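What follows is a set of notes on a single structure, which appears directly below.
Because the structure is predicted, anything quoted here is derived from the model rather than measured. Just so we're on the same page: letters track the sequence lines, and every chain starts at 1.
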Amino acid sequence: MNEAKRTKTISQTEEVWRRLKRNRTAIIGGMIVFLFVFVAILAPWISPYPPNEGDLAKRLKPPSKEHLLGTDALGRDQLSRIIFGARISLQIQVVAVFIALIIGTLLGMVGGYYGGTLDNLIMRLMDILLAFPGIFLAISIIAVLGPGLTNLMLAAGIYSIPQFARIARGSVLSLKEKEFIEAARAVGENDLNILFRYLLPNSMAPLIIQTTLRMATVLLTASGLSFLGLGVQPPTPEWGAMLSTARAYMITAPHVATVPGLAIMLVVMGFNLFGDGLRDSLDPRLRD
Amino acid sequence: MGRYILKRSLMLLPVLLGVSLVSFSLLHMVPGDPAELLAGEEANPEFIQALRKEYGLDQPLYIQYFHFISHVVRGDFGISIRNREPVIKLLKERFLFTLQLSFLSILIACFIGLIAGVISSTKQYSLFDNMSMVGALFGISMPIFWFGLLLMLVFSVHLRWFPAGGKGTILHLILPAIALGAASSAVIARMTRASMLEVVRQDYIRTARANGLREFIVIYKHALKNAMIPIITVFGLEFGYMLGGAVLTETVFSLPGVGRLMVEGIFQRDYPVVQGSMLLVATTFVVVNLLTDIAYAFFDPKIRYE
């Protein structure tokens with residue numbers, strides 16, 4: 001009895017949180033991600049200048065007290081544009097990953113659960129999407145939809161669907177023969193309930209990890225597309241688009257191209273570190 | 001092995017069919033009349049009508065698709081709207097260049113990745129290990145296009161060691177190949193380290209050491225050979241990502257590759273060029289993946305018999 005009292009039971013969430021807190025890289029990654037989200041949300045209040053207003057007399061100025069990160073070719077404050085760029089990037093990441101998470105998970109779970117022709121059809125469709133390597137799939141989608149913020153989010157979203165579908169399918173395949181699913185069937189639960197009340201909650205760990213890591217990939221892809229001129233168009237302060245414009249001034253004002261690149265790298269690194277840490281905490285078996 | 005290759009090759013067919021269907025659909029999903037799109041903005045109605053007839057665009061979609069496929073398998077990807085040149089001619093020149101760039105990048109990535117991964121695994125938690133893993137983190141987090149610009153700024157503009165862009169000699173390819181290969185070398189280094197760490201803990205490695213073999217032989221002959229099996233899969237995938245990433249590198253360094261051709265095609269609404277590029281790159285990636293799977297089965301007999 002005493003023994004039972006002494007053993008403190010902790011929930012799975014508490015256990016994950018405990019492991020996450022002990023993981024140094026996860027903490028660093030989490031802090032970067034938190035800072036990025038904080039800056040993105042508070043952009044209108046913390047930005048020193050409006051992002052699209054410039055003073056041509058102050059074009060391409062190096063960092064100074066007045067403009068901490070210098071000014072761009074149109075005399076706009078770089079720091080303000082970076083701050084507002086965080087807002088655009090976060091919007092793209094959240095929308096794109098959400099699209100991929102919902103559609104990919106649904107397709108993967110349905111395919112894995114029902115198997116047979118439906119599964120074959122879904123997975124061949126995913127194979128076709130995966131046949132377009134890396135950013136090429138997103139570019140191909142933009143070729144149809146045309147450039148722009150909304151289409152960029154759609155392209156980055158569709159581009160990420162196969163990864164979620166494969167993970168969800170894999171999870172469902174490994175779980176669907178387990179006793180608790182058999183028990184659910186035995187008590188007369190319908191397929192919809194089994195899929196969403198039993199299989200989905202138990203497949204969450206790899207999906208959460210993929211969501212975090214995918215945030216990094218989507219940012220790299222989206223900024224790449226904007227750099228190519230196929231994504232967000234100037235004067236919107238998107239980091240990739242800013243870099244593209246700054247190319248022309250690489251020699252005379254290298255800071256203009258350095259800052260947006262650093263911002264992308266830092267945020268991608270944050271999501272990668274946090275995702276790796278989450279993976280170690282949520283499912284230590286998945287560790288390299 | 002022959003049966004495995006045949007089986008794996010047959011599995012390719014539906015994917016290739018799907019890829020061709022996606023490329024074919026491009027022209028029909030873009031808003032507007034396909035014949036007008038193919039004819040270009042300044043074409044007269046007679047020319048549009050002639051094109052409609054020539055390409056069978058007045059036929060049902062499935063016949064058009066059949067028409068498209070029968071041309072593609074004969075190497076006819078249509079005529080570029082802008083250049084009025086056969087698309088296959090443009091693709092040939094540009095694709096060879098992208099292949100060269102991707103090969104050089106994968107060589108650099110393998111060289112750096114394998115060496116860093118092996119040394120890191122043999123000196124786990126040492127300064128070298130920590131530094132190379134931090135380097136790998138930077139490698140996977142850095143945007144290719146930004147890294148390319150930085151390389152250009154330092155090595156072309158300031159140090160003047162390499163040309164800043166264009167094609168001609170091997171020197172023109174070095175910086176773009178490094179920019180393109182950085183992320184892959186990071187992935188290969190991480191994978192090699194993880195795979196090696198697993199292998200060096202096996203009994204047969206302990207036995208090799210107990211037999212008095214030199215450490216160099218144990219690591220490079222016994223351990224690396226076995227650790228290579230999962231690493232091979234990464235090579236195939238990374239080569240594919242290079243074909244994709246080449247779009248960005250080619251833009252940064254103004255290189256005449258297939259990626260840039262496709263992006264230019266999108267801007268110029270040159271749909272036959274976009275279709276051809278999509279088809280060619282996707283097919284290459286699928287074939288590279290097939291070769292990777294075959295290599296994987298060659299090194300790991302278990303795969304063949306599954």
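Only the side chain of A/Asn272 comes within contact range of chain B, with heavy atoms under 4.5 Å apart. Heavy atoms of B/Val15 lying under 4.5 Å from chain A belong to its backbone as well as its side chain. In this structure, the portion of B/Met262 lying under 4.5 Å from any heavy atom of chain A is its side chain and not its backbone. Using a 4.5 Å cut-off between heavy atoms, B/Val157 touches chain A through its side chain atoms alone. Residue contact with chain A, scored on non-hydrogen atoms closer than 4.5 Å, is absent for B/Leu197. When heavy atoms are compared at a cutoff of 4.5 Å, B/Val252 approaches chain A by way of both its backbone and its side chain.
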Original post:
Stepwise, does the side chain to side chain contact (heavy atoms under 4.5 Å, CB included) test hold for B/Phe285 with A/Phe136?
Top reply: CA-CA 11 Å; B/Phe285 185 40; A/Phe136 235 89; over 6 Å; no

Original post:
For B/Trp161 and B/Leu175, what are the C-alpha separation, side-chain angles and deciding distance, and is it a side chain to side chain contact (heavy atoms under 4.5 Å, CB included)?
Top reply: CA-CA 10 Å; B/Trp161 288 358; B/Leu175 290 185; over 6 Å; no

**OP:** In sequence, state the C-alpha distance, the side-chain angles, and the governing distance for B/Tyr65 and B/Ser20, and then conclude on side-chain hydrogen bond (donor to acceptor under 3.5 Å, both in side chains).
**Re:** CA-CA 9 Å; B/Tyr65 174 65; B/Ser20 67; 2.6 Å; yes

Subject >> Check against side chain to side chain contact (heavy atoms under 4.5 Å, CB included), A/Gln78 and A/Val256 >> reply: CA-CA 7 Å; A/Gln78 277 267 92; A/Val256 187; 4.2 Å; yes

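Listed options B/Ser23, B/Ala246, B/Gly244 were ranked by heavy-atom pairs under 4.5 angstrom with chain A; first place goes to B/Gly244. When the candidates B/Ile140, B/Val274, B/Val286, B/Leu16 are compared by the number of heavy-atom contacts under 4.5 Å with chain A, B/Ile140 comes out ahead. With chain B as partner, the option from A/Ile251, A/Asp276, A/Leu228, A/Val267 having the largest number of non-hydrogen pairs under 4.5 angstrom is A/Leu228. Ranked by heavy-atom pairs under 4.5 Å with chain A, the list B/Leu243, B/Val281, B/Val263, B/Val30 is led by B/Val281. When the candidates B/Met242, B/Met191, B/Met29, B/Met278 are compared by the number of heavy-atom contacts under 4.5 Å with chain A, B/Met278 comes out ahead.
Between B/Phe155 and B/Phe162, the angle of the ring planes goes over 60°, which puts this pair in the perpendicular group of the 30/60° scheme.
Contacts from residues 142-153 of chain B to chain A, taken as heavy-atom pairs separated by less than 4.5 Å, involve B/Met142, B/Pro143, B/Phe145, B/Trp146, B/Leu149, B/Leu150, B/Leu153 in sequence order. Residues of residues 238-247 of chain A that come within less than 4.5 angstrom of chain B, heavy atom to heavy atom, are A/Leu243, A/Arg247 in numerical order. Residues of residues 148-164 of chain A lying within less than 4.5 angstrom of chain B, judged on heavy atoms, are absent. Contacts from residues 211-224 of chain A to chain B, taken as heavy-atom pairs separated by less than 4.5 Å, involve A/Leu220, A/Ser223, A/Gly224 in sequence order.
Between the side chain of A/Glu177 and the main chain of A/Leu173, no donor-acceptor pair closer than 3.5 Å is present. B/Arg260 places a side-chain N or O within donor-acceptor distance of the main-chain N or O of B/Leu255, the cut-off being under 3.5 Å. Between the side chain of A/Arg169 and the backbone N or O of A/Gly112, no donor-acceptor pair lies under 3.5 Å. A donor-acceptor pair under 3.5 Å is formed between the side chain of B/Thr98 and the backbone N or O of B/Val258. Formation of a donor-acceptor pair under 3.5 Å by the B/Ser185 side chain with backbone atoms of B/Ala109 is not found in this model. No donor-acceptor pair under 3.5 Å is formed between the side chain of B/Arg193 and the backbone N or O of B/Gly117. The backbone N or O of A/Lys61 sits less than 3.5 Å from a side-chain atom of A/Thr71, completing a donor-acceptor pair. Within the 3.5 Å criterion, the main-chain N or O of B/Thr192 finds no donor-acceptor partner in the side chain of B/Ser195. Looking only at distances, a side-chain donor or acceptor of B/Ser120 sits under 3.5 Å from a matching main-chain atom of B/Ala116. For A/Gln233 (side chain) and A/Gly231 (main-chain N/O), a donor-acceptor pair under 3.5 Å exists by modelled atom type.
Under 4.0 Å is where a charged nitrogen must lie from a carboxylate oxygen, and between B/Arg82 and B/Asp270 no such pair does.
Around atom CZ of A/Phe34, no more than 12 heavy atoms belonging to other residues, nucleotides or ligands sit under 6.0 Å away. Heavy atoms from other residues, nucleotides or ligands lying under 6.0 Å from CZ of A/Arg166 number 12 at most. With a 6.0 Å radius and a threshold of 12 heavy atoms from other residues, nucleotides or ligands, A/Met31 has its CE atom at or below the threshold.
Here B/Phe103 and B/Phe239 bring their ring centres to under 6.0 angstrom of each other.
Across all their heavy atoms, A/Ala131 and B/Val19 have their closest contact at CB-CG2, 3.6 Å. For the residue pair A/Phe132 and A/Ile128, the shortest heavy atom distance occurs at CD1-O, 3.4 Å.
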